[in-house]
Amino acid sequence: MLTFIWVMLTGELVFPNFVFGFLLSYITLWLVTADNEQKRYFSRVPAVISFVFFFLYEMLRANFQVAYDVITPRFFMKPGIVQYPMDAKTDLEITFLANLISLTPGTLILDVSDDKKVVYIHVMYLTDKDAFVRQIKGGLEKRLLDILR
Amino acid sequence: MISAVLSGFLFAMLVLLFGKYVKGKPAVLTTLLPLSLFAYFLGMLPAVQTQPLLFSYRWIPSMGIDLNFKLDGLSLLFSLLITGIGTLVFAYASYYLKGHRYLDRFYCYLSLFMASMLGLVLSDNVMLLFVFWELTSITSFFLIGFNNDDPASRRNSLMALAITGGGGFLLMTGFVLLGTLAGGYSISAMLSSAEMLKGHAWYGWVLFFLFGGAFTKSAQFPFHFWLPGAMKAPTPVSAYLHSATMVKAGVYLLARFTPVLGGHPYWNTTLLIAGAITMLYSAWHAIQRTDLKGILAYSTIAALGTLVFLLGVGTAEAMAAAAVFILVHALYKAALFLVAGILDHETGTRDVTILRGLRKVMLPVAAAGMLAALSSAGLPLTFGFIGKDLIYEATLHAPAYGYILTGIAVLTNILVLYAGFQAGIRPFAGRLPEGFRSVHLPDLRLWVPPLILATLGLLYGMIPALADASLVQPVVQALGAVSPAPLKIWHGFNVVLLLSGVTLAAGFALYFIRMPSARHQLAVDRFASLSPETLVVRSARGFSRFSTWYTNRLHNGNLRSYVHIIIIFITVLLAYKLITGVHLYFDIRTNVAPITVYDLTVFGIILFAIWKTVSTSSRITAVASMSVVGYCICILFVIYSAPDLAMTQFTIDTLTVVLFVLVLFRLPRFLRINDRKVIVRDSIISGLFGVLIAIIALEVMNEPTNKETSRFYAENAYLLAKGKNVVNVMLVDFRGFDTMVEITVLVIAALGVYSLLKLRISSSEKE
Amino acid sequence: MSDILIMILCTLGCITVLIAAIGIVRMPDFYLRLSVTIKAATLGIGLLLAAAAVFFADISISTKVLAIIFFLFLTAPVAGHMIGRASYFTGTKLWKGSVLDELEGQYNKETHSLGSEDKKEEEAT
Amino acid sequence: MTDNYIILPIIAHLAIAVLLIFFWRKVQIQRYISVLGSLLVLGLSIGLFIKTWRTGYLTMQAGNWQAPFGITFVSDVFSSTMVLLAGMAGLAVCIFSSVGISRHRIQYGYFPIFHFLLLGLNGAFLTGDIFNLYVWFEVIIISSFVLMTLGGKKPQIEGGIKYVTLNLLASVMFLTAVAILYGLTGSLNMADLSLKMAEIDNRGLVNVTGLLFFLGFGIKSAVFPLYFWLPSSYHTPPSAIAAIFGGLLTKVGVYALLRVFTLIFIPDEFTSTMLMAVATLTLLTGAFGAVIKRNMRMMFSYLIVCHIGYLIGGLGMYTQAALAGVIFYLIHDIIVKTNLFLVSGIIYKIRGTMNMDKLGGLYADYPKLSFLMAIVFFSLVGIPPLSGFWPKIYLFQEGLATPNAWYLVVAMIIASFVTLYVIAKMWADVFWKDRPAEEAATEDDFAPMKRYHRAVLIIPVVMLAIASLYIGFCAEHIATLSQRIAADLKDTAPYIKAVLGREIIKP
Amino acid sequence: MKSVILRTASNYLLPLLLLFSVFILLRGHYNPGGGFVGGLIASIAFMLHAFANQLENTRKLLRYPPGALIPVGLAVSLLSGLAPVFAGQPFMTALWFSAPVPIIGLVGTPLFFDIGVYFVVIGITLTILFNISENIL
Amino acid sequence: MSLNNYLFYVILPMLCLAVLLVAYRFFKGPSIVDRVIALDLMITIGIGIITIYSIMTKQSTFLDDAMILALIAFLGTVAFSYYLEKKEEK
Amino acid sequence: MELLLIILIGILYATGIYMMLRRSMVKLLIGLILLGNGANMLIFLLGGITKGKPPIIGEGEKILSGLYADPIPQSLILTAIVISFGLQSFAIVLLKRVYVLIQTDDLNDLNTPDTDI
Ligand code: NA
Ligand code: NA
């Protein structure tokens, strides 16, 4: 998290201010967060990058499908709301998962159950519910959890 | 001189502060003040014979208002009356109101009044005169309302104040006008421009305003009715203010301005007519009354009418007559009032149909009353006789309509005689009823004053020379006329004597034939609905009704109608100004930016958003549409090079939406009120307003703009102010003060929000 | 060269955005509209921003652009989730062509708490 | 020449307000700070007045940016007089508030906001920049909004909404006018505007701009037909608040009108006529309203409206003497109207009502206090030689001398008469009349108060009464002052020179 | 509102936005931005946090009531305006330190003034928002 | 075709078309949630327009505005969804 | 473009007033906000509008030269916006109080005639 902030800040302020950026981030975090678990972010950079590419690919692919449906006169959709049991446990994991699912066209998180066991996903092309669940489980969620854990 | 005037004010303050010491026995000591002033003015008598004395103190020189006092015959006569009768009234009151809770206040008002009255007659500056004039009105208000738990007392004091105060404003206008025309407020100086004033186009207006003041104060028809009402005041007050002094202020004023403004046909005719009507009307009324003070009040009005009438005749004889009559009337009328007061005080009634035979129990009072009545009747050897003689002479020798005028005078005098007898003689004549057996002679503080006054009347009547050279001649001089002849008791057999005889005979006859009766009063009351008083009261009610209608109509509690009125007003003014004053033109081709597709898009969206905001029936949609308008404006700001603005507008719009949202969810749906008429009307109004603003904007755009200031900022933002974002440099440096104030606004808003949300005041607290 | 790249990025982004816009107009129910718009717009704008980054070719501007994209990617789905959830509360109906609604009946209307029991597996609408 | 002294009366209020916020909820400390602070500001204002009187013009270029580029603060005799008056009224109301305002309101920020309001007033008086004036007006508006609604009772809110709406409308008009002014001249400095506006050929447009200013300030000064907010709201807040409103708020609108219409716009014939017509209707409307209102403070509200007519009318006549009259009246009015509402506050404390039908017997119960109040009332009426009388001489004089202004004179006579009548009637009803028997149950909150507390309520009234007596009896001083101010207003060249620092030859 | 996703997102957005707001504040003299917008962004960050995490938690997070920032900010602005007065200059005259500070650039009274603005804006916006949303968030 | 012309004649009109379409949805509704997402999308496209405009004018300053838009639009949406939930609760 | 802006300004003023004339207090507030926007746009327009050249001194330059947008209207509008934000938030809270008092925002329910207090 700190890294992101730091990158952004230095980028904007043009270089010679590592110290300042760090101090500022530190102060802000001290002011703000109580439950920020310190983790070693740096070791994960390669995993993150590969994940980003995977995700971009998924996103583009799905986008085309939706685009096609949108601009052609007929709808091929079979929309529905699916209950998806998550493996993700922590808030951060859930959030990431949910956001990524939402960012993928055709799927949209509507809500997370209070006990954090399932998410409800609105799916545009719901031909087979189980297949859909499997696809997410094996692809997106697995890769994501790999990074985060 | 100034100390003579101010002593009264000072004394009033002292009385107010140390009131409790005055209430008891020492009350009579207050008499010392008027007494010493009387002595002072008496001492001035010789000096005034030759020429007026002038006193001047600086006060408000930059407005041309100074404490200029002038003691001439006229003012001296009044000063002596004021202080002399004042002395007696002060003494009288010390017993009359003995032990009254508010005796101290009474003396306070009374000395205030005396001082004001002195100031009034001594002023040689119209504004100064006006100052004192108003003070007499206001002290009179307090004195009439002295018995303030009596509703009638309050009502009548208000009435008196309304009439005299209203007249006061007219007088002020007149004085201001006079001052403007004459180039200053000094009365002496005005004398020299008398001819110019009389020839001025506004002379008529000057008279109008001046008469407005004088007639109301001196109770001329149709403004007379406050005076009988003023009799609600304690009797010493009636005697002092409402017969001898204050009401004569109007006459004084007219007399004072006779040399300046008199002699013009407008002047004479108006005064004659007003005086004549007043005389007859009130004399007639006087004889219908059964209440002692009522009778005296109306006969006072008649006397005032006579004075005005005489001033209207305007000849030297008339002036002399007026001068004498002022004195005559003051002496006898004050005496009669004081007598009436004694009767009231001792018997508890003022009804002349009941009061009888009291000479048997209070002979000195009876003597005073009788002497005064005789003087008022104008019996030979009384001062009144001389006065009446002079009047008849004046009317007979009047420039025009002499016989008619004389007839009026005679008729009035007959009636006044009757009235005087009713008040001064009838209560003491005849058999003493059982009920009054226990009545006894009061303290000498009560009966000596009227007796002195009445005796004086006799004295002057027998030896007119006493009054003549020292008092009357200087007055006549002050009025700008040459006294025709010294006062005499006996002029030989002539028309005047005949008239006097007729007057007396008719009066006596009337006295013996016509008994006072409540029937007369009732007869008059039948015409009450036509009386000026009723008319005034009615029109006041009408005024009040109109005010109610007007005020509630305009200020109906409905915010929308306020906005309506304001906007219509703005629109009409702007439209008028634009149409008449501005040459409307616009050259579309020059210096405008081309319209691009994104401009059009933004514009189109704004239009639709505005439309939605206006037309939607859902609050939240309205808010959302409004925010669209805001966001589009942001985009415009970006396109037209205002990134800072865009940022700020965007954040603030979002925050506003948040605020709305936090409040709105509680509210029910919009009211659906689709009154087409209202909508059409509002659309037209607001549409016109918008069009006008647009036109103005268009026109202003045509004008070349001076960019000197912004060039300065552009050139110096970095070099001098060390910043590159010129807008921000302006905000924190060039125009940093604005920002300082702006955050202050926010702070206040935040405090306001906080307290508005948190503070709940219980309604029991009185703040 | 970079002009070409910018043009391509712009065009792609622009088309994506346009598609999203068409989508929001054409889609038959709210969830579908939400679905097509949020990410399409995010992707499209991301591409446009990338074009800007290329254009200015300045590290400070590139990071700025990255930051914006990051923000968009972070916030857009959350926003979609929030509004989607809210719309379900307010009873926005699914399109008649929808095949499944497992959310139905899971919300507690009073407390807004959401259950997770797998109770309506067969009830496709 | 630049002189930081000018902004001391501004900064002092700001500093006091900030300090008071630091002592949030500490009621007693706030009272002391506020009173001492007001005293300090009064001292500073006196100093400023003396300095200005001696030198004629003081200027301060904020940020050391030479006019017209920075924001200039100018103290001429007019503005320093206004600051002085605000200081006096402020101190009086402040003392009054320390007992007259309940501790709840003080806990929720009464005093800081009160000082913010005074800050706004002083700023508006002293600024020489038209946009800065707008900003100061906003300070005044927002703090008056807050004070108006502080406590949140229903009548307060009802009045508050009308007050807020119409005053915001006024702000919009003001801002619109500023926009146009900038569009025409590219400048915001009033002295600079004075020069630049004179050069504009399109006089019609200049007059339209002037009209917009008139409309903006007219709403704030409550002239007909823009006055509605005033009688809707002034009777709702606690008396101390109403006092500062009644004394100063409308007057700052008049001040701005005077400034703008002497410095930037010279009224053309239409504007003059319009001002006089508006003044006439204002006088009458206020008078009609005052006649029928039975609630004391409502009546006072209408009297405020009514008397604004004198001021606007004087401006419409636009002669030096008329302006002197306006200034004189302004001085008198600020002192007396403030006091009027303070007096009503004491009466409310005593009787718990403002309804004249329910009031009564004060003369019998509180004779000395009644006498004190009488001074206030009759000063308002202008019974000579009390303060309200003298300015009328100027105004009547000029009204008569101005062609076609007779209707204004008639209205002034009617207004004077109605004022006299309603005050006398009120006196008869509230002081003379016995208290209605059914009202006897309402407790008197005044008599049981500690002697000290009572004194705190009375002292400000006495102070202001003495001030109005001074105005009346030493009218020479005020007349000299008014005439000097009027002369300054008529001849703006020295003002412009003082601000811009260069010799100006005005066409 | 009870949403895990929002809560998590807002927890991460908060520091981000705060940092951004400081950034906007400091660069205002050279680029768009300044104390005002900076302050608004900071308050928006906290408001977002309050939406997600209940108002109570946001308040706890802040430790001090936001209103406390108001007098502080006002005082800072006022003092930075007054500083030149003590140096014999007109009120609000800009005084600059001669040497530029690495990141920020030149430091002078206008910067302190802007910082004062920043604090005041945070203080008032949060005061308004928190009080209006009390008992409903 | 230069970059500027391309942006001006092709890209911007398309984005404008997109905004207009979204605006159509905004005005049509039918439900408030539709408006909210339309609003959100409009702002997002606004970011795009600003970006293109900043390229056209070579003013990177405008990207700052884009950033603020991106950051804060979110709050609006959250607020609206909050409103909807609360309204329902009532 | 100026013409469009002028039309826009006219419309903003007109609708602002129109909304102020409605019975709902929410509409009243919206009207005031629209009026404020109108006034701001007016300042903006009358200061002269310029495309694509914000008043920011470029890298390596010392003065703003050539064609640039006038900074004065911008700073004025900025101040005006901020101030109206303060006023608006106060007014919105007032709306909340009104709701507590009368359970609606209908201005017709706020016409209690001459309350005696
Ligand atoms: Na006002
Ligand atoms: Na007034």
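Just so it is clear: chains get the letters A, B, ... in the order the sequence lines come, proteins before strands, and each one is counted from 1.
Under a cut-off of 6.0 angstrom, the local environment of CZ in A/F54 is crowded, with over 12 non-hydrogen atoms contributed by other residues, nucleotides or ligands.
Residues passing the side-chain contact (heavy atoms from CB on, under 4.5 Å) test with C/P28, sequence neighbours excluded: A/F75, A/M77, C/L32, C/W95.
Closest of all the heavy-atom pairs between A/N99 and C/L74 is ND2-O, 3.4 Å. Shortest non-hydrogen contact noted between C/Y31 and A/L108 is O-CD2, 4.3 Å.
Separating the NE2 atom in C/H81 from the CG atom in A/L110 is a distance of 9.0 Å, to the nearest 0.5 Å.
Using a 4.5 Å cut-off between heavy atoms, A/T107 touches chain C through its backbone atoms (N, CA, C, O) alone.
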